[in-house]
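Written out below as structure tokens is the structure these notes cover.
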Amino acid sequence: MLQQLYPLGQNAECKLEGCYLKFNLHQQAAKGEVFIYANYISSLDGRIALFDEHMGEYAVPKAIANPRDWRLYQELAGQSDVMLTSARYFRQLAVGKAQDLLPVGSGEKFADIELWRQAQGLKAQPDVVILSDSLDIPLPALEGLNDRNVFVFTSKQLKREKIEKLTDAGVTVLESDGPVTGQFIKSQLIQLGFKSAYMIAGPKVHHTLLVDDCLDELFLTSHFTILGGKNFHSVLDDELKAKPMQLQMLYLDNESQQMFMRFTYKDC
Ligand SMILES: NC(=O)c1ccc[n+]([C@@H]2O[C@H](COP(=O)([O-])OP(=O)(O)OC[C@H]3O[C@@H](n4cnc5c(N)ncnc54)[C@H](OP(=O)(O)O)[C@@H]3O)[C@@H](O)[C@H]2O)c1
């Protein structure tokens with residue numbers, strides 16, 4: 001069970017399963033808008049990823065990743081029309097260095113989320129948007145996405161050959177005139193008809209959206225572990241004018257020693 005610490009009310013306890021599904025994030029966007037939400041798990045000292053010498057890559061530390069947080073990750077994915085991720089993720093996936101984050105509800109444990117999507121009239125799986133300037137996206141890593149629409153958002157450069165390869169593989173490449181900004185991402189998502197977008201990338205994509213005030217909510221799991229380490233990522237690594245956040249919900253998960261928090265980005 002989870003203990004609800006904020007807002008304080010009569011039903012102070014709730015089951016983990018269903019805790020995030022009840023937010024109905026797919027129905028939050030106003031007409032002609034899209035509702036964009038992000039999700040991270042972090043250590044108490046603010047690390048979402050550490051450099052793993054063995055892998056030669058940054059990765060979510062095993063000391064904080066856990067099945068109860070993963071359940072809520074899946075519930076957030078379940079409410080999305082589209083998942084927003086980075087090319088880096090597909091580069092890691094292609095060499096077996098990334099967990100398969102994209103299918104929603106695969107496996108018996110998450111079958112209820114698949115059924116929930118059906119009942120809500122959502123497609124079996126959310127579509128996928130990949131942010132990339134390099135367009136170094138290994139095609140074999142996209143093979144598991146044949147059942148969805150895949151889009152790549154990139155800035156206009158002379159990359160015709162790479163664009164053609166992606167297009168031939170069934171990917172839609174959308175180019176912005178300048179750098180890919182939060183406004184560009186949001187306006188494209190709206191034009192494509194998406195109502196809810198789940199951002200699962202790291203600090204660069206987060207920054208891109210935040211500087212343009214394009215994010216609506218942040219789901220943050222704070223795991224009661226101090227990791228230390230000099231080579232790490234936090235939820236945001238670049239410069240930003242201090243951003244006030246409004247706490248919406250706070251749950252204590254005694255079983256896995258972590259807190260689940262839901263925030264609104266103010267002034268969105
Ligand atoms: N603990 C957690 O909850 C959590 C969540 C997410 C990620 N992570 C970890 O954080 C680390 C970094 O994740 P990440 O690499 O996905 O995150 P990222 O830093 O947000 O994204 C990096 C890549 O995305 C593309 N990109 C980002 N912003 C862009 C923009 N404005 N325009 C065009 N392309 C843009 C670039 O691709 P190109 O190089 O192709 O141009 C860039 O290399 C990973 O180790 C990951 O596992 C942890």
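Atoms within a ligand are numbered from 1 in the order they appear, just like the ligands themselves.
Looking at atom 41 (O) of ligand 1, its nearest protein heavy atom turns out to be Asp133 N, 2.7 Å. What sits closest to atom 13 (O) of ligand 1 on the protein, heavy atoms only, is Arg88 NH2, 3.3 Å. Scanning the protein heavy atoms around atom 8 (N) of ligand 1, the nearest turns out to be Ile48 CD1, 3.8 Å. Counting only heavy atoms of the protein, atom 45 (O) of ligand 1 lies nearest to Tyr58 O, 2.9 Å. Annotation: atom 20 (O) of ligand 1 to nearest protein heavy atom, Val205 N, 2.8 Å. Nearest to atom 42 (C) of ligand 1 among the protein's heavy atoms is Lys204 CD, 4.5 Å. The protein heavy-atom contact nearest to atom 35 (C) of ligand 1 is Leu131 CB, 4.0 Å. The protein heavy atom nearest to atom 32 (N) of ligand 1 is Val180 CB, 3.4 Å.
Any N or O atom pair closer than 3.5 Å counts here, and Ala201 shares no such pair with ligand 1. Of the N or O atoms in Ser132, one or more lie within a sub-3.5 Å distance of an N or O in ligand 1.
With atom 38 (P) of ligand 1 as the reference point, the heavy atom nearest to it among Ser134, Ser42, Ser86 is part of Ser134. With atom 43 (O) of ligand 1 as the reference point, the heavy atom nearest to it among Arg91, Arg47, Met55 is part of Arg91.
Under 3.5 Å, the side chains of Gln125 and Asp147 contain no donor-acceptor pair of N or O atoms. A side-chain donor-acceptor contact under 3.5 Å links Tyr198 and Asn39. Of the N and O atoms on the side chains of Glu175 and Thr154, not one donor lies less than 3.5 Å from an acceptor on the other residue. Side-chain N/O atoms of Asn254 and Gln257 include a donor and acceptor closer than 3.5 Å.
The ligand atoms of ligand 1 that sit less than 4.0 angstrom from a heavy atom of Ala59 are 45 (O). Per-residue contacts place Ile200 under 4.0 angstrom from the following atoms of ligand 1 (heavy atoms of the residue considered): 6 (C). Near Tyr40, with a cut-off below 4.0 Å to any heavy atom, the atoms of ligand 1 are 2 (C), 3 (O), 4 (C), 5 (C), 6 (C). Those atoms of ligand 1 that come under 4.0 Å of a heavy atom in His233, given as number and element, are 11 (C), 12 (C).
In summary, the aromatic rings of Tyr37 and Tyr265 are positioned with their centroids too far apart to meet the 6.0 Å limit. The distance between the ring centers of Tyr40 and His206 falls below 6.0 angstrom.
A cation-pi arrangement, defined by a distance under 6.0 Å to the six-membered ring centre and an angle within 45 degrees of its axis, is absent between Arg71 and Phe110.
Taken from CZ in Phe51 to NE2 in His233, the straight-line distance is 9.5 Å, to the nearest 0.5 Å.
Using 4.0 Å as the threshold, Asp136 has no heavy atom nearer than that to any atom of ligand 1.
The existence of a salt bridge linking Asp237 and Lys204 is excluded, since no basic side-chain nitrogen approaches an acidic carboxylate oxygen closer than 4.0 Å. Between Lys186 and Glu33, at least one side-chain N (NZ, or NE/NH1/NH2) sits under 4.0 Å from a carboxylate O, which counts as a salt bridge.
In the displayed structure, Lys156 atom NZ is contacted under 6.0 Å by more than 12 heavy atoms of other residues, nucleotides or ligands.
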